[in-house]
There are 2 protein chains.
Amino acid sequence: MSAKIGQRSTKQRAAVAAALAEVDDFRSAQDLHDVLRRRGDLVGLTTVYRTLQALTDSGDIDVLINSDGESIYRHCGQSAGHHHHLVCRKCGRTVEVEGKAIERWTDAIAHEHGYSDITHTMEIFGLCPACARESTEAMS
Amino acid sequence: MSAKIGQRSTKQRAAVAAALAEVDDFRSAQDLHDVLRRRGDLVGLTTVYRTLQALTDSGDIDVLINSDGESIYRHCGQSAGHHHHLVCRKCGRTVEVEGKAIERWTDAIAHEHGYSDITHTMEIFGLCPACARESTEAMS
DNA sequence: ATGTTTATTGATAATGCTTTTCATTAAGGC
DNA sequence: GCCTTAATGAAAAGCATTATCAATAAACAT
Ligand SMILES: [Mn+2]
Ligand SMILES: [Mn+2]
Ligand SMILES: [Zn+2]
Ligand SMILES: [Zn+2]
């Protein structure tokens with residue numbers, strides 16, 4: 001929402017924002033750096049990292065850590081409101097999912113054990129239809 | 001469950017297992033390496049990593065990736081079966097929770113979108129009763 | 001427009017976790 | 001005890017991310 005990621009607007013930050021808008025999958029900083037290079041926007045890798053960090057801090061994009069321990073970023077559709085993700089572990093294709101049931105369940109469990117001030121993380125990983133098809137074709 | 005982490009039993013593996021039994025919160029490989037050193041068990045860091053990897057693969061211990069992207073391990077009570085955790089963000093106190101509802105829900109969502117080969121992560125964080133009490137006392 | 005200030009950039013070096021190498025050691029079966 | 005080979009671990013490599021710091025360029029004043 002708020003674009004307050006710094007006090008000066010630069011072409012580098014605009015380029016990172018554009019790249020995030022173009023691909024709407026979760027991507028690593030280095031992936032996005034490559035996307036930028038292919039687009040013709042020469043932005044330093046350091047700046048990509050810095051900008052993603054700033055956008056994450058301001059809540060404008062979502063970040064999650066994949067099973068390799070690497071951070072991946074995404075500009076979410078309705079960045080307003082708590083939601084979760086179904087992510088393809090191969091290509092990053094993402095579906096945003098919302099689940100009141102989960103929210104209620106985690107709160108119930110936590111209170112049951114006397115825990116307060118609850119938060120939770122929850123992401124689903126799998127192979128998207130396209131990547132699954134690719135996999136089976138490769139076997140034949 | 002199965003202790004089949006290899007075909008030979010060594011004192012190093014026994015030492016790692018003992019260290020895991022002694023501390024029952026989530027710890028990094030390097031933390032456990034220090035615990036071993038303090039115990040007087042000289043086990044190479046490489047071996048600690050390898051053993052934790054093996055124990056994780058065989059399902060004997062749980063691993064999760066913290067917000068720094070570092071893997072932390074824990075020997076769980078009933079190590080049989082998939083489960084999740086309710087972790088105190090202050091002191092690390094952990095409660096193991098099981099939730100068939102979550103498992104069914106994630107699978108349903110994933111299949112609904114055509115995703116296959118599903119896994120998921122889900123952890124609950126909060127303040128345990130003891131830490132919450134401490135917090136309110138500090139305010140008075 | 002030109003100059004001044006200083007936030008921002010980015011090439012490079014450094015950090016830190018984890019994995020790979022590979023020569024040495026020691027289980028387990030005989 | 002001997003043999004086979006899994007297992008160990010010191011050292012090097014790999015890899016994502018962060019820290020440095022001199023050069024650059026927004027924002028603002030003149
Ligand atoms: Mn999202
Ligand atoms: Mn557990
Ligand atoms: Zn995919
Ligand atoms: Zn606590």
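None of the values given here were measured: they were computed from a predicted structure.
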Given [options], the nucleotide with the shortest approach to the side chain of [X]:
{"X": "A:Glu70", "options": "D:dT17, D:dG9, C:dC17", "value": "D:dT17"}
{"X": "B:Thr47", "options": "C:dT9, D:dT8, C:dT19", "value": "D:dT8"}
{"X": "B:Arg50", "options": "D:dA27, C:dA27, D:dG9", "value": "D:dG9"}
{"X": "B:Thr46", "options": "C:dT21, D:dA6, D:dA19", "value": "C:dT21"}
{"X": "A:Arg8", "options": "D:dG9, C:dA7, C:dA27", "value": "C:dA7"}

Using a 4.0 Å heavy-atom cut-off across all strands, classify A:Leu42 as base, sugar-phosphate, or nothing.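 Result for A:Leu42 = sugar-phosphate.
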
Base, sugar-phosphate, or nothing: which does B:Thr10 touch, judged by heavy atoms less than 4.0 Å apart?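 Here B:Thr10 touches the backbone only, sparing every base.
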
Atom [atom1] of [X] and atom [atom2] of [N]: how far apart are they, to the nearest Å?
{"X": "B:Lys11", "N": "D:dA7", "atom1": "NZ", "atom2": "P", "value": "16 Å"}
{"X": "A:Asp68", "N": "C:dC17", "atom1": "CG", "atom2": "P", "value": "17 Å"}
{"X": "A:Gln53", "N": "C:dT8", "atom1": "CD", "atom2": "P", "value": "15 Å"}
{"X": "A:Asn66", "N": "D:dC15", "atom1": "CG", "atom2": "C1'", "value": "13 Å"}
{"X": "B:Asp57", "N": "C:dT18", "atom1": "CG", "atom2": "P", "value": "15 Å"}
{"X": "B:Leu45", "N": "C:dT20", "atom1": "CG", "atom2": "C1'", "value": "13 Å"}
{"X": "B:Ile65", "N": "C:dC17", "atom1": "CD1", "atom2": "P", "value": "14 Å"}
{"X": "A:Gln30", "N": "D:dT17", "atom1": "CD", "atom2": "C1'", "value": "8 Å"}

Ring centres under 6.0 Å, that's the criterion: do A:His85 and A:Phe26 meet it?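 A:His85 vs A:Phe26: aromatic centres under 6.0 Å.
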
Output field: ring centroids B:His84/A:His120 closer than 6.0 Å: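 Aromatic pair excluded; centres sit 6.0 Å or further apart.
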
Phosphate oxygens OP1/OP2 of [N]: is one of them under 4.0 Å from a side-chain N or O of [X]?
{"X": "B:Tyr49", "N": "C:dT19", "answer": "no"}
{"X": "B:Arg13", "N": "D:dA7", "answer": "yes"}
{"X": "A:Ser9", "N": "D:dA27", "answer": "yes"}
{"X": "B:Gln7", "N": "C:dG28", "answer": "no"}
{"X": "A:Gln12", "N": "C:dT8", "answer": "no"}

Check the surroundings of atom CZ in A:Arg93: do more than 12 heavy atoms from other residues, nucleotides or ligands lie under 6.0 Å from it?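 Counting neighbours around CZ of A:Arg93, 12 or fewer heavy atoms of other residues, nucleotides or ligands fall under 6.0 Å, so no.
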
Is atom CD of A:Glu22 surrounded by more than 12 heavy atoms (other residues, nucleotides or ligands) closer than 6.0 Å?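 Above 12, so yes.
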
Does a side-chain heavy-atom distance below 4.5 Å link A:Arg89 with B:Thr119?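 They are in side-chain contact.
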
